[in-house]
Amino acid sequence: MEGRDDQPTADVESGARLRPSAVRSRGAVTWPSVDGPLGVSWEEAETSARRFFFWGFAFLPLLWAVNCFYFWPVLVSKASPSSSPHFNRIRSYVVWSSIGFVIFAVLLTAWALTFAIGGEHLFGPMWKDLVMYNLADKLQLTGLM
Amino acid sequence: MDDGSTDSDPVTAGESSILDTLGEDVIRIVSPVSLCMLLVVLLVSSLSSTNDLSSSVSSLFLSSTTTPTSFSSLNLLLLGSDSTWEEIKSALVTALSFVVVVTLLTFLLVLLFYFRCTNFLRIYMGISSLFVLSFLGGFIFLLLISHFKIPIDPFTFAILLFNLSVVGVFAVFMPKFPISMNQGYLVAIGVLTAYWFTMLPEWTTWALLIAMSLYDLAAVLLPIGPLRLLVELAMSRNEEIPALVYEARPVDPQPGDRVRVWRERTDVRIEATENSTNSANVQTVQETRLAVSEEITAPLIEAFPQTGDRHLGTEEVEDGIGLGSSGAIKLGLGDFIFYSVLVGRAAMYDYMTVYACYLAIMAGLGVTLLLLAVYRKALPALPVSIMLGVVFYLLTRVLLEVFVVQCSSNLLMF
């Protein structure tokens, strides 16, 4: 029973003694990732954030979304004097990832909606050849499996 | 602050008893299994009929007798007594060859693991997951698009498929990934593989399910079983076996050493492959399918219990169900797949059988979890559930349906 009153382990903020598994305490973020204590440490978080950011440029905008999701606590909280030194770097990667993902999502949605709603009025007879279900039939794609 | 009160009530203060977390633990393993089954049932019912999505979802909730059993009557029409026997024979041969191939491949896996080729295994499993997610996923996506006439263009389709499958491979392999995405993608792989299995002919599916549950029982419990050897090897070396395993989130996360334990586990997380579909295809399908099915993974590996002692940090991944070193329950993806195949095949008959089989499988899972708590070693998760499921399917189809139809048509019940 006495362990409860001892000093918590070094990497836990003093305010987190109340609820050790809480991600945020007293303004500062305890755990960088959305998984909390089950996730990565601050150093690994920076490596991960950087890796997600750069791999996202390989036509993988979903990785940018994953970056934002994974480091959501970093994204929504502000830097405070008691937060880890990695905080700012991680935050910059995550913010840029979110900008990239939003731009990509807007572009893709716009194109997809144009294609779907515009239909033949906009594209002419070419639409019938381009739409996926006709294309799949023509190329016999569903026969492969 | 309140030392007196914390000291006076030992259960609530420092230690938590098993009862505090048991319900949560069970829910965290039952939910993904149920979700996987639900998705497979939805896929099966929407893609095998001419209904659109809304009517297939609504008919899921209405009494199943309102949808006349078109499948069953069709079955009766197609099957004469002679062709039934032929079908049964070919089904048995297919199932047997499937089990033989799986056994051989599992022994190969044990051998490779023995010679410490874990990198090769990891890469192989990564490639197979990529195949499952991209080819199988793309195929099912195309089926959905064609069925519901969704006006999507090839460029958007390609981008979506590419993104989803590559991120999926990262999600199940990389240790530093959001847990929810990892779990979600494992369920997705289970759904895709299970749907693919339901495309086999009926007798073959049932024979396969029974054969695989018997194989599971033998492989995990017999001393010469390949999966038991795998577990013992991994235990002696304190390593993790490469496998696709669904791990439920531990209920009570603690900072500090639990983080270490989790990371240890996820760093070595890898996959085992059972190329089960090969033999199934030998009988029924052309060469093209064989080539792709080589890569299909039906990993029947699950974790191994080392509860209580967090310092062991061992994650034996084994066939069957087990407990992770943080006490979280692990269930192999092969179990997800075969449960969903059973329910999907039941959905092809009628929704009544779906409900009956779902309850049977959950009961079997509960029994398996109970046995896990008692025996505390890796257990096969397939046999109990599949046997109960098959029995309930037969009973429902033969007995319950007649009863329910009579009652409903006479406005007595339901």
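Numbers restart at 1 for each chain; the letters A, B, ... are given by sequence-line order, proteins then strands.
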task = Kindly indicate whether the side chain of Phe69(A), heavy atoms from C-beta on, has any atom under 4.5 Å from the side chain of Met181(B).
result = yes
Counterpart residues, side chain to side chain contact (heavy atoms under 4.5 Å, CB included), relative to Phe59(A) (two or more places apart) = Phe162(B)
request  = Could you note down all residue pairs passing salt bridge (charged side-chain N to carboxylate O under 4.0 Å, His left out) where residues 51-69 of chain A supplies at least one of them, sequence neighbours left out?
outcome  = none
request  = Examine whether an atom of Ala58(A) lies under 4.5 Å from a heavy atom of chain B, and if so say whether it belongs to the side chain, the backbone or both; otherwise answer neither.
outcome  = backbone
message = Please classify the contact of Leu108(A) with chain B as side chain, backbone, both or neither, using a heavy-atom distance under 4.5 Å.
response = side chain
note = Whatever's closer than 4.5 Å to a heavy atom in chain B on Leu130(A) counts as both
ask   = Considering only heavy atoms from C-beta outward, does the side chain of Val131(A) approach that of Ile152(B) to under 4.5 Å?
value = no
key: Inter-residue atom distance Ser48(A).OG - Met174(B).CE, 0.5 Å rounding   = 6.0 Å
ask   = If every non-hydrogen atom of Phe115(A) is compared with every non-hydrogen atom of Pro151(B), which pair is closest and at what distance?
value = CD2-O, 3.7 Å
request  = Give a yes or no on this: more than 12 heavy atoms of other residues, nucleotides or ligands lie within 6.0 Å of atom NZ of Lys128(A).
outcome  = no
task = Check whether the ring centres of Phe170(B) and Phe52(A) lie less than 6.0 Å apart, and answer yes or no.
result = no
ask   = Where does Phe123(A) contact chain B at under 4.5 Å (heavy atoms): side chain, backbone, both or neither?
value = neither
key: Residue pair Asp153(B) / Trp111(A), side-chain heavy-atom distance below 4.5 Å   = yes
request  = Step through the shown structure and confirm whether more than 12 heavy atoms of other residues, nucleotides or ligands are within 6.0 Å of CH2 on Trp127(A).
outcome  = yes
Among Pro178(B), Gly138(B), Ser180(B), residue most engaged with chain A (heavy-atom pairs, under 4.5 Å) = Pro178(B)
query = In a check of side-chain contact (heavy atoms from CB on, under 4.5 Å) between Phe177(B) and each of Val66(A), Val40(A), Asp35(A), which one passes?
reply = Val66(A)
inquiry  = As an exercise: rank Leu143(B), Leu160(B), Ile150(B) by heavy-atom pairs under 4.5 Å with chain A and give me the winner.
reply    = Ile150(B)
query = What distance separates Leu164(B) CG from Leu60(A) CG, expressed to the nearest 0.5 Å?
reply = 10.5 Å
request  = Test side-chain contact (heavy atoms from CB on, under 4.5 Å) on Phe104(A) and Ile159(B) and set out the steps.
outcome  = CA-CA 11 Å; Phe104(A) 168 80; Ile159(B) 286 230; 3.8 Å; yes
